[in-house]
Undergrad: 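Please find one structure pasted underneath; my questions will follow.
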Amino acid sequence: MNFGKTLKRLRLDAGLTQKQLAMQIGVTKSVISFYELQERIPSPAILVKLSAVFHVSTDYLLGIDHIERLDVSGLTKEDVKLVSQLIDALRNKNVK
């Protein structure tokens, strides 16, 4: 399990400091540091909070699911269709 590395990558990609992330999920900065260094394992409740912050599944955080998914909640069906078309076009472009 590469939870610590995954958490750090997601945090940095989101432009968050350890302190900012800690405040969002109700822990201290040192707890985030311990998670990233893999010196502590988060509780199930904290995993759920982290997955909500980064819009990924808990399985993705734990390294069980390696497919990064997009959160399309709040979008209309038409918006989701447009996003899907864009993804398909980009995937096709990268295959060629």
Side-chain angles (χ1 to χ4, degrees):
M1 173 169 69
N2 254 340
F3 171 76
K5 288 181 181 179
T6 300
L7 178 62
K8 185 173 184 176
R9 181 182 53 77
L10 289 169
R11 178 180 62 77
L12 293 174
D13 287 351
L16 296 172
T17 65
Q18 288 181 340
K19 184 176 181 178
Q20 290 169 326
L21 177 57
M23 289 175 60
Q24 285 190 28
I25 64 168
V27 298
T28 64
K29 175 192 173 295
S30 62
V31 169
I32 300 298
S33 178
F34 286 135
Y35 292 159
E36 290 182 359
L37 295 171
Q38 299 190 149
E39 293 179 6
R40 285 193 189 169
I41 298 171
S43 69
I46 295 296
L47 277 173
V48 169
K49 288 180 181 182
L50 288 168
S51 71
V53 168
F54 297 117
H55 306 286
V56 297
S57 69
T58 55
D59 283 352
Y60 183 81
L61 280 173
L62 295 172
I64 297 167
D65 183 359
H66 301 288
I67 299 172
E68 203 164 346
R69 303 189 192 307
L70 295 175
D71 179 6
V72 294
S73 58
L75 298 179
T76 66
K77 287 184 180 184
E78 185 177 305
D79 293 342
V80 172
K81 185 177 178 181
L82 289 171
V83 169
S84 294
Q85 290 171 345
L86 177 59
I87 289 169
D88 288 342
L90 291 170
R91 198 173 279 132
N92 289 334
K93 177 192 79 119
N94 291 332
V95 170
K96 293 178 181 179

Undergrad: Tell me whether Glu78 at atom CD has more than 12 heavy atoms from other residues, nucleotides or ligands lying less than 6.0 Å away.
TA: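 It does not: Glu78 CD has 12 such atoms or fewer within range.
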Undergrad: Taking Gln18 for the side chain and Ile32 for the main chain, is one N or O donor matched with an acceptor at less than 3.5 Å?
TA: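 No.
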Undergrad: Could you list the residues that satisfy side chain to side chain contact (heavy atoms under 4.5 Å, CB included) with Val80, not counting sequence neighbours?
TA: Val72, Leu75, Ser84
Undergrad: Is there a path from Phe34 to Val27 through hydrophobic residues (I, L, V, M, F, W, Y) whose side chains come within less than 4.5 Å of each other?
TA: no
Undergrad: With rounding to the nearest 0.5 angstrom, report the NE2 to CG distance, His66 to Asn2.
TA: 9.5 Å
Undergrad: Between Lys5 and Glu36, does the salt bridge (Lys or Arg N to Asp or Glu O under 4.0 Å) criterion hold? Intermediate values first, please.
TA: CA-CA 6 Å; Lys5 288 181 181 179; Glu36 290 182 359; over 6 Å; no
Undergrad: I need the minimum non-hydrogen distance between Pro42 and Ile46, along with the two atoms involved.
TA: CB-CG2, 3.7 Å
Undergrad: Going from OG on Ser33 to CZ on Arg40, what distance comes out if it is rounded to the nearest 0.5 angstrom?
TA: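 If we round to the nearest 0.5 Å, Ser33:OG and Arg40:CZ are 10.0 Å apart.
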Undergrad: Go through the side-chain N and O atoms of Ser57 and Asp59 and say whether any donor and acceptor fall under 3.5 Å apart.
TA: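 There is no such pair (donor and acceptor under 3.5 Å, judged by atom type) between the side chains of Ser57 and Asp59.
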Undergrad: Met23: which other cluster members, linking ILVMFWY side chains closer than 4.5 Å, directly or transitively?
TA: none
Undergrad: Test side-chain contact (heavy atoms from CB on, under 4.5 Å) on Leu61 and Phe3 and set out the steps.
TA: CA-CA 6 Å; Leu61 280 173; Phe3 171 76; 4.1 Å; yes
Undergrad: How many angstroms lie between CG in Asn92 and CD1 in Ile87, if you round to the nearest 0.5 Å?
TA: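 With rounding to 0.5 Å, CG (Asn92) is 12.0 Å from CD1 (Ile87).
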Undergrad: Treat each ILVMFWY residue as a node, draw an edge where side-chain heavy atoms are under 4.5 Å apart, and state whether Ile64 and Tyr35 are in one component.
TA: yes
Undergrad: Say you draw a straight line from CG of Leu50 to NE2 of His55; how long is it, rounded to the nearest 0.5 Å?
TA: 12.5 Å
Undergrad: At what distance, to the nearest 0.5 angstrom, does CG of Asp13 lie from CZ of Phe54?
TA: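 Between atom CG of Asp13 and atom CZ of Phe54 there are 9.0 Å.
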Undergrad: Which atoms form the tightest heavy-atom contact between Gln24 and Leu16, and what is the distance?
TA: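 What the structure gives for the nearest pair is NE2-CD2, 3.6 Å.
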Undergrad: Are Leu21 and Leu62 linked, directly or through other ILVMFWY residues, by side chains that come within less than 4.5 angstrom of each other?
TA: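 Yes, it is one cluster - the side chains of Leu21 and Leu62 are joined through contacts under 4.5 Å.
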Undergrad: Nearest 0.5 Å, what's the CG-CG distance between Leu90 and Leu86?
TA: 4.5 Å
Undergrad: Where is the tightest heavy-atom contact between Ala22 and Lys29, given as atom of each residue plus distance?
TA: CB-N, 3.6 Å
Undergrad: Can you get from Leu10 to Val31 by hopping between Ile, Leu, Val, Met, Phe, Trp and Tyr side chains that sit under 4.5 Å apart?
TA: yes
